[in-house]
Amino acid sequence: MATLTETSFDAAKFPFKGASVKFHDLPTPEEPNFPLPPPSVNPTTILDVDKGTPDSHVPRDPRLIRLTGVHPFNVEPPLTALYKEGDRIHHREKNNPTLTFTGFLTSPELFYVRNHGPVPQVHDDDIPDWELSIEGLVENPFVLSFREILQKYDQITAPITLVCAGNRRKEQNTVRKSKGFSWGPAGLSTALFTGPMMADLIRSAKPFRRAKYVCMEGADKLPNGFYGTSVKLNWAMDYNKGIMLAHKMNGEPLRPDHGRPLRAVVPGQIGGRSVKWLKKLIITDAPSDNWYHINDNRVLPTMVSPEMSAQDRKWWTDERYAIYDLNVNSVAAYPEHEEVLDLATAGTTYTARGYAYAGGGRRITRVEISLDKGKSWRLADIEYAEDKYREWEGHLFGGKVDMWQRETCFCWSFWSLDIPISDLENSDALLVRAMDEALTAQPRDMYWSVLGMMNNPWFRVTITKEGNSLKFEHPTHPAKAGGWMEKAKKAGGDLLNGNWGERHEGEEPVEPEPVQKINMKKEGVNRQIDLEELQANRHAEKPWFVVDGEVYDGTGFLEGHPGGAISITSSAGLDVTEDFHAIHSETAKKMMPDYHIGTLDKASLEALNNASTTTSTEPRPHFLQSRAWSRMTLIEKNDVSWDTRIFVFQLEHERQTLGLPIGQHLMIKVQDPENKNEAIIRSYTPISETNMEGRMELLVKIYFPTTDIPGGKMTMALDKLPLGAPIDCKGPTGRFEYLGNGRVLISGKERHLRSFKMICGGTGITPVFQVLRAVMQDTQDPTKCVVLDGNRLEEDILCRAELDAYVALDQEKCTVVHTLSKSSDTWQGRRGRISEDLIKEFAAPEEASMVLLCGPGALEKSAKKILLEQGWKESDLHFF
Ligand code: MTE
């Protein structure tokens, strides 16, 4: 029997309308011949990973595979576990041999989850009063309580498969990174949902004639407002479309991750339309203008790159590219990914099995398997477990099961085919494709698109002979590296060449990029160094440090290091392998043999790495520590423009300041979302004042990938960070410091200046701005500043209001010149890049002056050339 987990909210007090049998009635095993929910275990423990996140109130099943780090919670079950759930039913019901629908229903704890943000916390006692409003173009707008929804409307129970539009997206991302995270092939699950038909509620509100859409809104507050979307009103009013509200899943109250206490369920359509934690139904004459309706759940034309889509809003507002009905799809669950079939014990046939689904209520009419690249096909058997419910009429979980008349197919079906082992042995891949009753078949080739949604090419499982066994591989795995797609790509294959990345006959192989291993050791150096000697040389004057078990003496680089002496002295006596590799280029690595002095013996290396860094629990007045990473927490993300955000981080305590001298930077470390074992480290200058207490603000432009450029690793990782996520910081770093009143420190040497020429582009404004602000805020500081700020478009200019305010404050002291390379006709300022003429006019060489530069590589390079030609000395230029 399914366990009906009760809450303190006693639903039995509100008998459902239309429920002719008592609340928890289940059919007796002899009665219906349809699948019942697998025995479910409602998790009661908050997993450690969820503690400290906004979802610390949601108990979860640890088997679920997290696809977007810890939070928000986006997970799929392991494919085999999902598919196999029915084995448990079979076992449980072994006296009832009719119940053999392997894995048809998914237990709620294993059901995939797609949450855009935190799960709203709803207390049991408040559930009866949960309110849903029906408003907009209706004659009779009203608000219903949860209690009334149960009491006033007929309840139905129906099996429905929900599928995320991102199902199988990892395959798209392997071809070319899309704007979505990587789902494997288990972004779908099935449950018996119970609740009223949406049509019944809307009908009582009496929509006006011109009403055309139902907009739905959830209670989850996200960075761009509440989650919401819409479907057509006539679909909602059509019982055959099956659109309902649900408060139960497999007979138990909805779990928090699935919309507790009330959600919409829109069968046959992408999961994104089934709004959870439902608060509003708004009847309108136009599709939803909710941010998530517009910016999500679309398949844009394949030639639209992420950059094109970001620059032109028309792609997002064109309803033709919005997706509703699911497309035809099928996947093999067996052979499993990395399954090995021992030919000695395999017998004569192998049963390949998997799932198939279609959209809009259409039935899957065939599933075909090919073992010869699609030249010939074999017909698989299909089991439609959903049909079993059509044969029965009665009440289940308080809702009426009445599906005999409705012929629509809203659930996945299972295919299977017995294949002679010898045929598998002679094949290099098993291909699966399905077709629906509209004769739409899965395509052979992938249709790549910006959001990577609706991926449904033939599902391919490769077969490799290894000794006396066969090894099978799926295209990808949601959690692990590997899969045949990654291999084909690494081998230089073009995954879209119509041959799954394998070379066509006669096609020249593409040489894979060789991975260059750089030798950082000095030839002939074989001195063994122990911990004692290393510790004896951990001073600012003799900063020895360790990378990959080798010892380096940084003394000779104290002056020249771009991060300033502090970057080296802060590493003294430490094993800095991870940080070193994360920040340094191949050129930097090639310089290392000059500083190599020996190898740290094995025991010392172990001891060094085991030595716990004792961090004092005393609250520190300044946050940054130069020799240890300190953790701050992301508390706000504010959009400045489509690709630029201000990230606000909380320090360790309210009175703490960052501890960053003006003009210096800090290093930020985050986990690479693409490769969980790697950290990404970059240097940043905050936009907040360095004496700000308790928080730090970082202005970051997100470099999204384009068809040619993979996108900025760090900025995209930052963009994906959920609120509440920690980041590690270390510092300060940098050779330059502004002491005030024209006094600067360059690599520890003091200089007195009368003016600064500041040249920057894009987010290069951030370090420049720190210095400018220090000069401008001190009315006694006589230093003059000229800022030449180059950008592409007017909207790309960052900190513009602040810059204008400084000019308005003192025109004598501050000059700001903006120049745009792609200006509109209405732009009044300078046009073009930061040129020779501009530099001549505003930044000609002067006594007691310095040029501070920060911007894209090309800008820094051309500006340097011009400045040197115009007579500036190299020592007068500082590149942040
Ligand atoms: N509803 C709200 N309020 N917030 C969300 O983030 N995600 C949508 C949809 N409804 C979402 C939502 C998406 S994209 C999907 S695929 C389904 O919920 C997933 O439902 P599940 O998490 O119950 O499997």
Side-chain angles (χ1 to χ4, degrees), residues 54-55 58 60-61 64-68 71-77 82 105-122 130 132 160-169 179-181 183 186-193 195 215-231 243-250 252-282 288 290-298 322-324 326 357 359 412 451-455 722:
D55 289 351
V58 188
R60 287 168 171 152
D61 190 309
L64 293 167
I65 302 170
R66 296 191 187 224
L67 308 171
T68 50
H71 190 268
F73 194 59
N74 291 299
V75 291
E76 69 179 76
L82 174 75
L105 296 172
T106 315
S107 47
E109 61 272 19
L110 209 59
F111 204 101
Y112 88 91
V113 180
R114 170 73 179 103
N115 289 342
H116 283 74
V119 174
Q121 188 163 8
V122 185
W130 175 271
L132 172 75
I160 291 161
T161 297
L162 288 182
V163 185
C164 184
N167 191 29
R168 295 183 63 189
R169 188 195 275 131
K179 274 186 165 192
F181 61 87
W183 287 96
L188 79 172
S189 302
T190 306
L192 283 161
F193 288 97
C215 302
M216 299 164 250
E217 199 176 276
D220 44 340
K221 180 107 176 60
L222 305 169
N224 296 295
F226 293 102
Y227 182 86
T229 181
S230 61
V231 293
I243 300 179
M244 63 186 291
L245 307 189
H247 51 85
K248 278 186 173 189
M249 208 172 158
N250 287 355
E252 38 169 298
L254 286 181
R255 302 253 174 104
D257 274 321
H258 297 291
R260 178 185 175 83
L262 188 72
R263 74 176 301 169
V265 178
V266 181
Q269 298 196 14
I270 55 155
R273 308 289 169 220
S274 293
V275 176
K276 303 191 272 189
W277 313 290
L278 189 67
K279 290 300 293 175
K280 282 183 184 173
L281 295 178
I282 312 155
S288 168
N290 184 287
W291 193 93
Y292 297 91
H293 181 79
I294 292 167
N295 293 280
D296 208 350
N297 296 321
R298 277 160 201 269
I323 48 180
Y324 294 93
L326 289 161
Y357 61 80
W412 60 351
L451 293 178
M453 290 179 156
M454 299 293 230
N455 186 50

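Counting starts at 1 for both ligands and their atoms, in listed order.
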*Asks:* Check L64, V75, L162, I65 against Y112 for a side-chain contact (heavy atoms from CB on, under 4.5 Å) and give me the one that passes.
*Replies:* L162
*Asks:* Considering non-hydrogen atoms of the protein only, which is the closest contact for atom 7 (N) of ligand 1, and what is the distance?
*Replies:* R114 O, 3.1 Å
*Asks:* Output the distance between atom CH2 (W412) and atom CG (L105), rounded to the nearest 0.5 Å.
*Replies:* 9.5 Å
*Asks:* Show me which atoms of ligand 1 lie under 4.0 Å from any heavy atom of N115.
*Replies:* 6 (O)
*Asks:* Would you give the length of the straight line joining atom CG of L222 to atom NE2 of H116, rounded to the nearest 0.5 angstrom?
*Replies:* 7.5 Å
*Asks:* When rounded to the nearest 0.5 angstrom, what is the spacing between SG in C164 and CG in L188?
*Replies:* 10.0 Å
*Asks:* Quick one: nearest non-hydrogen protein atom to atom 12 (C) of ligand 1, plus distance?
*Replies:* Y227 CE2, 3.5 Å
*Asks:* Which of the atoms of ligand 1 are close to W277, meaning less than 4.0 Å from one of its heavy atoms?
*Replies:* 2 (C), 3 (N), 4 (N)
*Asks:* Could you please spell out the steps behind the side-chain contact (heavy atoms from CB on, under 4.5 Å) verdict for R298 and M453?
*Replies:* CA-CA 7 Å; R298 277 160 201 269; M453 290 179 156; 5.9 Å; no
*Asks:* Within ligand 1, which atoms have a heavy atom of C164 less than 4.0 Å away?
*Replies:* 16 (S)
*Asks:* Report yes or no: does a heavy atom of R273 sit under 4.0 Å from some atom of ligand 1?
*Replies:* no
*Asks:* Quick check on contacts: which atoms of ligand 1 are under 4.0 angstrom from a heavy atom of V275?
*Replies:* 1 (N), 3 (N), 10 (N)
*Asks:* For V113, which part has a heavy atom under 4.0 Å from ligand 1: side chain, backbone, both, or neither?
*Replies:* both
*Asks:* Let me confirm one number: the CZ-CZ distance from R114 to F181, rounded to the nearest 0.5 Å.
*Replies:* 4.0 Å
*Asks:* Numbering the atoms of ligand 1 from 1, which are under 4.0 Å from a heavy atom of D220?
*Replies:* 2 (C), 3 (N), 4 (N), 5 (C), 6 (O)
*Asks:* Below the 3.5 angstrom mark, is there an N/O of N297, backbone or side chain, next to an N/O of ligand 1?
*Replies:* no
*Asks:* Output the list of atoms in ligand 1 that are nearer than 4.0 Å to some heavy atom of H258, sorted by atom number.
*Replies:* 21 (P), 22 (O), 23 (O), 24 (O)
*Asks:* What atoms of ligand 1 come within less than 4.0 Å of a heavy atom belonging to F111?
*Replies:* 24 (O)
*Asks:* Are any of the N/O atoms on K276, whether in the backbone or the side chain, positioned under 3.5 angstrom from an N/O atom of ligand 1?
*Replies:* yes
*Asks:* Please report the interatomic distance CZ(F193) to CD1(I160), rounded to the nearest 0.5 Å.
*Replies:* 6.5 Å
*Asks:* I want to confirm something. Looking only at heavy atoms, which of G272, G117, G218 is nearest to atom 13 (C) of ligand 1?
*Replies:* G272
*Asks:* Under 4.0 Å between a side-chain nitrogen and a carboxylate oxygen: does that hold for R60 and D257?
*Replies:* yes
*Asks:* To the nearest 0.5 Å, tell me how far L281 CG sits from L245 CG.
*Replies:* 6.0 Å
*Asks:* For atom 20 (O) of ligand 1, what is the closest protein heavy atom, and at what distance to 0.1 Å?
*Replies:* R263 NH2, 3.2 Å
*Asks:* Y324 ring centre to R273 NZ or CZ under 6.0 Å, with the angle to the axis within 45°?
*Replies:* yes
*Asks:* Is there at least one pair of N or O atoms, one from Y112 and one from ligand 1, spaced under 3.5 Å apart?
*Replies:* yes
*Asks:* Looking only at protein heavy atoms, identify the closest one to atom 17 (C) of ligand 1 and say how far it is in Å.
*Replies:* G271 O, 3.3 Å
*Asks:* Report the part of S274 in contact with ligand 1, treating N, CA, C, O as backbone and CB onward as side chain, heavy atoms under 4.0 Å; options are side chain, backbone, both, neither.
*Replies:* backbone
*Asks:* Kindly indicate whether the side chain of Y292, heavy atoms from C-beta on, has any atom under 4.5 Å from the side chain of T229.
*Replies:* no
